[in-house]
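The block underneath contains the structure these notes are about, expressed in structure tokens.
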Amino acid sequence: KMRNMIRIILRRYKYPPDQQLEAIKMVMKQAEVLSDEWSQEDYISTAKPYPANNAYNPELMAAEPKPKYGEKEDR
């Protein structure tokens, strides 16, 4: 069910179809990492902010790094 929801969201935002499989795998991995962290006993239930591009843990990155101004994207 979660994979289907991810696939629908990717289509809605016109994510390239040839990259959707890899994006789905990445989102599922992020969900696993977050669920493991949230299920620990010592987890404090207050909201913890996660930066959009988490350099400490690449599995928690919300987006690919943006190219600098003037650089071309690798897509």
Side-chain angles (χ1 to χ4, degrees):
K1 186 173 180 178
M2 190 170 168
R3 283 182 195 274
N4 246 356
M5 291 170 62
I6 297 166
R7 189 173 288 126
I8 290 168
I9 291 169
L10 291 175
R11 259 192 253 134
R12 181 179 301 151
Y13 290 98
K14 298 181 173 113
Y15 200 84
D18 60 329
Q19 297 175 358
Q20 282 186 4
L21 184 59
E22 192 62 35
I24 291 169
K25 288 179 184 177
M26 182 187 309
V27 172
M28 295 296 288
K29 181 67 176 170
Q30 289 173 348
E32 285 179 30
V33 170
L34 288 173
S35 68
D36 287 344
E37 181 179 328
W38 291 342
S39 66
Q40 293 175 3
E41 287 182 28
D42 60 333
Y43 178 76
I44 301 170
S45 63
T46 58
K48 291 183 178 180
Y50 284 97
N53 288 318
N54 191 334
Y56 315 110
N57 190 348
E59 285 136 357
L60 293 177
M61 286 181 64
E64 296 86 15
K66 289 187 175 184
K68 292 183 180 180
Y69 183 75
E71 290 181 358
K72 286 190 172 186
E73 291 188 38
D74 291 337
R75 290 188 183 195

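Side-chain contact between Q19 and L10: absent, with no pair of heavy atoms (C-beta onward) separated by less than 4.5 Å.
Contacts of R7 classified as side chain to side chain contact (heavy atoms under 4.5 Å, CB included), with partners at least two apart in sequence or in another chain: N4, R11, Q20, I24.
Taking a 6.0 Å sphere around CE of M2, one finds it holds more than 12 heavy atoms contributed by other residues, nucleotides or ligands.
Cluster membership for M26 and I9, using ILVMFWY side-chain heavy atoms within less than 4.5 angstrom, is not shared.
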